[in-house]
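Some notes on the structure that comes next.
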Amino acid sequence: MILKGTLPGLNDYLRAERSFTRRGGKGHSCGNDMKQECQMLICNAIRLQLKRLRIHNPVFIKYKFYEPNRKRDLDNIAGVAHKFVQDSLVKCGVLENDGWDNITGFSDQFFLDRYNPRIEITIQEEGGTGEHT
């Protein structure tokens, strides 16, 4: 699966989590808004590219991050992406859950591509039953 562009970094998400807006007399976290917006975009990509894929076996997820420049630290790039992508895979029904029994691990690779920033995600079913990109 390919997500075009980049996702917010960990620093952006933490900054949003610390900011609040007033709605109906109650405080509202802007971090949740960021997560919901990103999950909507990721879920759209999942539905278009993975169709109605359902995986019942444990998986290993490979992330390839293509950044437009070297401005963000590697952990800043990947930290929130893991959370948003894996939560979206569960939300869309591709994975049953994103806990230890469902995701055995993940790997990250980082590249530069000024003209086509993106995240390439490969879901590898444990036991050699298949690889989904």
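Basis for what follows: all heavy atoms, side chains included, without hydrogens, waters or symmetry-related copies. Predicted model only: the values in this text are computed from it and were never measured.
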Subject >> Criterion side chain to side chain contact (heavy atoms under 4.5 Å, CB included) on Ile123 and Leu50, from CA distance to verdict >> reply: CA-CA 10 Å; Ile123 304 168; Leu50 300 181; 4.2 Å; yes
Rounded to the nearest 0.5 Å, how far apart are [atom1] of [X] and [atom2] of [Y]?
X      : Y      : atom1 : atom2 : result
Ile119 : Lys4   : CD1   : NZ    : 12.5 Å
Tyr66  : Leu112 : OH    : CG    : 11.0 Å
Lys91  : Ile46  : NZ    : CD1   : 10.0 Å
Asn116 : Arg114 : CG    : CZ    : 13.5 Å

Subject >> Test item: Asp73 side-chain N/O and Asn76 main-chain N/O as donor-acceptor pair under 3.5 Å >> reply: no
**OP:** Assign the ring pair Phe65 / Phe110 to parallel, tilted or perpendicular, where the plane angle (0 to 90°) is split at 30° and 60°.
**Re:** parallel
Subject >> 4.5 Å side-chain heavy-atom contact, Ile42 and Leu7 >> reply: yes
Original post:
Are any of the side-chain heavy atoms of Ile55 and Glu125 separated by less than 4.5 Å?
Top reply: yes
**OP:** Would you indicate whether Arg52, at its atom CZ, is surrounded by more than 12 heavy atoms from other residues, nucleotides or ligands within a distance under 6.0 Å?
**Re:** no
Original post:
Do the side chains of Phe60 and Val85 join up, straight or via other hydrophobic residues, at under 4.5 Å, putting them in one cluster?
Top reply: no
Subject >> For Gln49, side chain to side chain contact (heavy atoms under 4.5 Å, CB included) partners two or more places apart >> reply: Met1, Ile2, Ala45
Original post:
Do the charged groups of Asp87 and Lys83 touch, with an N to O distance under 4.0 Å?
Top reply: yes
